[in-house]
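See below for the structure under consideration.
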Amino acid sequence: MYLNQVKLKNMNYKIVLLGLLTASLQACSQQNPQQSTTQTNNQNMQYKKLTPDEERVIVNKGTEAPFTGKYVNTTAKGEYVCKRCGTPLFYSKDKFPSECGWPSFDDAIPGAVTQTTDADGMRTEITCNHCGAHLGHVFTGEHFTSKDTRYCVNSISMDFIPLDSNAAKK
């Protein structure tokens, strides 16, 4: 009799633990309505197909090697748009030669770029406000320009649309 009671207690204990584990997993997998809407909206967006290198930087928050990006030394007039969704991000008038190895801008198009503190708490990541694509980082206090801001952007995260192309569209 005693052995059967021990087995029953062990079985009840396992059932309770299994129930708690199941409830915990269900609670963790539920999203709040805001997350759900954001994910649904992102899933419905039409994104440009990315190469593996573009995906490594834009989706997985990587970086390209310094001085290798195609827009590091670009001086043509136009606008820089998000490689992933095409949203305008920066104007060429705000680009400056920082000699840091990546395209640098001292201003972004209002509302185009989101700033978030990195997990390390030391840098500020910049992403496309429309699709969340990783662009690079923003730094202040370096005194490169009168705006005292440097948006350090991966070339691979952007496309450049020359001013002449914009005039042709109008």
Side-chain angles (χ1 to χ4, degrees), residues 31-170:
Q31 300 172 338
N32 69 37
Q34 185 177 2
Q35 285 178 323
S36 191
T37 302
T38 302
Q39 287 183 348
T40 302
N41 288 343
N42 283 342
Q43 289 170 353
N44 292 334
M45 287 184 190
Q46 295 297 322
Y47 295 138
K48 180 178 176 182
K49 177 101 170 109
L50 301 175
T51 67
D53 282 341
E54 291 167 344
E55 189 169 316
R56 181 183 61 77
V57 172
I58 295 168
V59 176
N60 299 320
K61 301 179 185 284
T63 191
E64 61 192 352
F67 301 102
T68 62
K70 64 182 177 179
Y71 302 128
V72 173
N73 298 312
T74 300
T75 58
K77 296 198 182 308
E79 66 183 16
Y80 294 84
V81 301
C82 177
K83 171 80 75 170
R84 189 178 190 197
C85 71
T87 296
L89 303 168
F90 303 97
Y91 294 121
S92 59
K93 69 178 181 63
D94 298 312
K95 189 172 186 287
F96 67 95
S98 67
E99 305 301 325
C100 71
W102 293 273
S104 296
F105 304 85
D106 66 0
D107 209 353
I109 294 174
V113 175
T114 299
Q115 297 183 21
T116 310
T117 303
D118 263 354
D120 66 11
M122 299 177 67
R123 296 184 302 169
T124 301
E125 178 189 15
I126 52 174
T127 55
C128 172
N129 192 40
H130 186 254
C131 72
H134 173 74
L135 305 172
H137 293 86
V138 64
F139 303 94
T140 58
E142 298 175 322
H143 308 291
F144 282 114
T145 71
S146 61
K147 294 179 183 175
D148 201 22
T149 300
R150 176 172 59 98
Y151 291 87
C152 184
V153 186
N154 293 290
S155 289
I156 203 167
S157 297
M158 304 181 291
D159 282 322
F160 177 68
I161 302 173
L163 186 59
D164 297 341
S165 297
N166 289 333
K169 290 180 184 177
K170 293 180 182 177

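Side-chain contact between Cys100 and Arg150: present, with at least one pair of heavy atoms (C-beta onward) separated by less than 4.5 Å. Here the side chains of Phe105 and Val153 are in contact, with some heavy-atom distance below 4.5 Å.
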*Taking it one step at a time, do Asn129 and Thr114 satisfy side-chain hydrogen bond (donor to acceptor under 3.5 Å, both in side chains)?*
CA-CA 5 Å; Asn129 192 40; Thr114 299; 2.7 Å; yes
_From CA spacing to verdict: side chain to side chain contact (heavy atoms under 4.5 Å, CB included), Ser104, Phe144_ = CA-CA 10 Å; Ser104 296; Phe144 282 114; over 6 Å; no
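Note that the OH atom of Tyr91 and the CG atom of Leu163 stand 11.0 Å from one another [nearest 0.5 Å]. Note: Ile58 CD1 to Thr127 OG1 = 12.0 Å, rounded to the nearest 0.5 Å. Here the CG-NE2 distance, from Asp148 to His143, works out to 5.0 Å after rounding to the nearest 0.5 Å. In this structure, Ile109 CD1 and Phe90 CZ are separated by 8.5 Å, a value rounded to the nearest 0.5 Å. A distance of 6.0 Å separates CZ of Arg123 from CZ of Phe139, quoted to the nearest 0.5 Å. To the nearest 0.5 angstrom, Asn154 atom CG is 12.0 Å from Lys61 atom NZ.
Nearest approach of Glu79 to Pro88, heavy atoms of both residues: OE2-CG, 3.9 Å. Across all their heavy atoms, Trp102 and Val72 have their closest contact at CA-CG2, 4.2 Å. Closest heavy-atom contact between Leu50 and Glu54: CA-OE1, 3.3 Å. Between Lys83 and Met158, the shortest heavy-atom contact is CE-O, 3.4 Å. The shortest non-hydrogen separation linking Lys48 to Asp159 is NZ-OD2, 3.2 Å. When all heavy atoms are compared, the tightest approach of Thr87 to Cys128 is CB-SG, 4.1 Å.
Partners of Asn73 by side-chain contact (heavy atoms from CB on, under 4.5 Å), not counting sequence neighbours: none found.
Side-chain N or O atoms of Lys147 include none that pairs as donor or acceptor with a backbone N or O of Asp107 at under 3.5 Å. For Asp118 (side chain) and Thr124 (main-chain N/O), no donor-acceptor pair under 3.5 Å exists by modelled atom type. Looking only at distances, a side-chain donor or acceptor of Arg56 sits under 3.5 Å from a matching main-chain atom of Thr63. Although no hydrogens or angles enter the test, the distance criterion places no donor-acceptor pair under 3.5 Å between the side chain of Asp106 and the main chain of Tyr151. Counting only distance, with no hydrogens or angles, the side chain of Asp120 and the backbone of Met122 share a donor-acceptor pair below 3.5 Å.
Using bins of under 30°, 30° to 60° and over 60° for the plane-to-plane angle, the ring pair His134/His137 lands in the perpendicular bin.
Pairs passing the ring pair (Phe, Tyr, Trp, His ring centres under 6.0 Å) check and including a residue from residues 53-79, sequence neighbours excluded, read Tyr71-Tyr80.
Counting non-hydrogen atoms of other residues, nucleotides and ligands closer than 6.0 Å to CZ of Phe160 gives a total above 12.
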